[in-house]
Amino acid sequence: MSSVNSRLRAIFSKSVPAKTKVKPKSNVAAKSSDISAFPEETKLLKLVNKFKKSCEDPKFRCKHSIYRRTVRRLANAKKFSMIEDVLESQKKYDSIRVEGFANRLISLYGESGMFEHAHKLFDEMPELNCERTVKSFNVLLKAALDAKKFDKVVEIFKEFPLRVSVEPDLFSYNIVIHSFCEMGSFDDALSMFHEMEGNGMEPSLITYNTLLNALYRNGKFLEGERLWTMMEGENIAPDVRTYNARLRGIFIGDAGLEADEVISEMERKGIKPDLVSYNALIKGFCDGGNLKEAMKWYGELQKNNCRPDLVTFATLIPACCNAGDLVVAYELCLKAIDRRVLLKAAVFKNVVDGLARKVKYDEASELVKLVNSASHLNYKLE
DNA sequence: GTAGGGTTAG
């Protein structure tokens, strides 16, 4: 196993110094907008009250996805005090003694960018008579990651095992490695990789996928390829997500690898490209101004029974507009509306304007009409 | 419970 370490070290030491690309911190927990329109505010208040009422039913409290959807909606509207209201009120139910239930609340706080609240709830678990295990520890780590408090992930990971009697497991390491990757600290990610091996944990496919995704995304294609080889040396087989990371990577910098080569390699190994694979190719070629090749892969996507989604349309339609292919853009719009895809108004607007410039007034007004009568879209054009 | 793309409502 130590040979793995030295080989991995070699992968990183050969690498060009990282242009540390850290995602901008989204200030999710910022102050909510004061100029909120009353009707929306009232609607959300009603939602909160209805939700809290429903929670009285123990069966309702098992519905994980409704919790998630409700909280996500409040978070999108930046109604953080409503989120607090909803989640804190859960403490009065005996469900809170079930670790999985408390964990859910912690992760909802994390997804809402409310890490302080997540942490507080974790601290309160003992007094709420809820047992804490390595699982809740990992949920707290993930909550910090979701809230983009990357430094907190590291801090908690290093301090907690000392204070609370939990030992980090494979999941914990994977989350910390992810966090270092988000920070652009590949060397630290690497030392975590070593440390987990030292503690008798084998890096898993997820560990590799996490690292590979970060390397390819940051234009470190060669380092990615070396790590890939090493992974296969450990008899860990790549899956479709590993390949998708690589597909995204071939468009960043001069990777020197063709999309067709990767796709045929996947086919040889019996790994079916999925929607994310095709979207990666479409995005890659659109970004490079090669609409023709992007459309080829759009065709492949359909041939292979994938359903184009928001990402597909939102990539292809503007690219068609830029290339002056208004008829294709128009047809894609029709399809997107038919499929009830939630495209932004600006995407349609662009096509309408382009059609008008090309004196295709019939199509332009037809598109306006269709958008305005689409029940799934909550805006009107013109 | 950990890994993907630009994402999510009544």
Side-chain angles (χ1 to χ4, degrees), chain A residues 23 26 39-40 43-44 46-47 50-51 64-66 68-77 99-104 106-107 110-111 132-146 153 157 166 168-182 189 192 196 201 203-217 231 236 238-249 251 273-284 286-287 301 306 308-318 340-344 346-347 374-379:
Chain A
K23 276 194 194 161
S26 74
E40 181 63 13
K43 264 205 293 200
L44 292 175
K46 263 194 201 156
L47 174 73
K50 202 177 123 201
F51 184 88
H64 195 139
S65 61
I66 300 182
R68 183 141 277 135
R69 229 172 39 217
T70 306
V71 170
R72 202 176 285 168
R73 201 176 149 201
L74 294 172
N76 283 335
E99 193 194 357
F101 187 80
N103 284 347
R104 183 205 298 171
I106 292 172
S107 70
E111 287 172 20
R132 284 190 303 204
T133 67
V134 65
K135 208 163 170 174
S136 40
F137 174 69
N138 290 338
V139 167
L140 181 65
L141 287 178
K142 178 67 162 60
L145 182 67
D146 286 340
V153 178
F157 181 81
V166 280
D169 63 5
L170 175 63
F171 292 75
S172 327
Y173 276 101
N174 286 343
I175 297 167
V176 174
I177 287 172
H178 186 163
S179 194
F180 277 127
C181 286
E182 289 292 331
M192 280 298 140
M196 70 192 285
M201 275 166 268
S204 63
L205 177 61
I206 291 180
T207 316
Y208 283 101
N209 279 353
T210 304
L211 281 160
L212 286 169
N213 189 45
L215 290 172
Y216 288 131
R217 202 180 48 207
M231 172 183 74
I236 294 181
D239 66 0
V240 66
R241 290 165 88 138
T242 327
Y243 270 103
N244 288 347
R246 194 162 174 231
L247 281 174
R248 257 173 265 127
F251 295 98
D274 64 9
L275 179 60
V276 179
S277 322
Y278 292 114
N279 281 344
L281 294 173
I282 290 169
K283 171 98 166 46
C286 283
D287 286 351
L301 176 159
C306 292
D309 70 348
L310 176 69
V311 177
T312 321
F313 290 114
T315 310
L316 269 178
I317 295 172
R340 303 176 59 83
V341 173
L342 287 168
L343 282 168
K344 288 190 177 143
V347 175
S375 60
H376 67 289
L377 300 174
N378 60 355
Y379 50 76

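Order of the sequence lines fixes the chain letters, A, B, ..., with proteins taken first and strands second; residue numbering starts at 1 for each chain.
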Option from D287(A), T315(A), V311(A) for which side-chain contact (heavy atoms from CB on, under 4.5 Å) with I282(A) holds: T315(A)
Can you check the I66(A) CD1 to dA9(B) C1' distance for me, whole Å? 14 Å
Select base, sugar-phosphate, or nothing to describe what K135(A) touches, counting heavy atoms under 4.0 Å on all strands. base
Using a 4.0 Å heavy-atom cut-off, does V276(A) contact any base of the nucleic acid, only the sugar-phosphate backbone, or nothing at all? base
According to ring pair (Phe, Tyr, Trp, His ring centres under 6.0 Å), who are the partners of Y216(A), at least two apart in sequence or on a separate chain? F221(A)
Quick one: list whatever passes side-chain hydrogen bond (donor to acceptor under 3.5 Å, both in side chains) with S107(A), sequence neighbours left out. R68(A)
Under 4.0 angstrom, heavy atoms only, what part of the nucleic acid is D146(A) near: base, sugar-phosphate, or nothing? nothing
For H376(A) and dA9(B), give me the distance from atom NE2 to atom C1', rounded to whole Å. 11 Å
Whole angstroms only, please: what is the NZ-P distance between K46(A) and dG10(B)? 13 Å
From CG of L145(A) across to P of dT2(B) the rounded distance in Å is 11 Å
Whole-Å distance, K43(A) NZ to dA9(B) P, equals 12 Å
Between protein and nucleotides 6-8 of chain B, what N or O pairs are separated by less than 3.5 Å?
unit_1: dG6(B); atom_1: O6; unit_2: V311(A); atom_2: O; d: 2.6
unit_1: dG6(B); atom_1: O6; unit_2: A314(A); atom_2: O; d: 3.4
unit_1: dG6(B); atom_1: O6; unit_2: T315(A); atom_2: N; d: 2.7
unit_1: dG6(B); atom_1: O6; unit_2: T315(A); atom_2: OG1; d: 2.3

Residues at least two apart in sequence or cross-chain that pass salt bridge (Lys or Arg N to Asp or Glu O under 4.0 Å) with D309(A), listed by chain then number, are none
Take the protein atom CD1 of I236(A) and the nucleotide atom P of dA3(B), then report the distance between them rounded to whole Å. 17 Å
Please report the interatomic distance CG(N138(A)) to CG(L145(A)), rounded to the nearest 0.5 Å. 11.5 Å
Taken in chain and number order and not counting sequence neighbours, the residues that satisfy side-chain contact (heavy atoms from CB on, under 4.5 Å) with F251(A) are L281(A), F285(A)
Between H178(A) and dA3(B), is there a contact of a side-chain N or O with OP1 or OP2 at under 4.0 Å? yes
Counting side-chain heavy atoms from C-beta on, which of dG10(B), dG1(B), dA3(B) comes nearest to R340(A)? dG10(B)
Given DNA chain B, 5'-ward residue of the pair N174(A) and R69(A), judged by closest heavy atom: N174(A)
Suppose you measure atom C1' in dG6(B) against the same atom in dT2(B); what distance do you get, rounded to whole Å? 23 Å
Separation of dT2(B) atom P from L211(A) atom CG, nearest Å, is 17 Å
Between atom CG in L74(A) and atom C1' in dG10(B), what is the gap in whole Å? 14 Å
For F180(A), all residues meeting ring pair (Phe, Tyr, Trp, His ring centres under 6.0 Å), sequence neighbours excluded: none
Once you apply a heavy-atom cut-off of 4.0 Å, does D274(A) come out as touching a base, just sugar-phosphate, or nothing? base
Can you tell me how far C1' in dG5(B) sits from the matching atom in dG1(B), rounded to whole Å? 23 Å
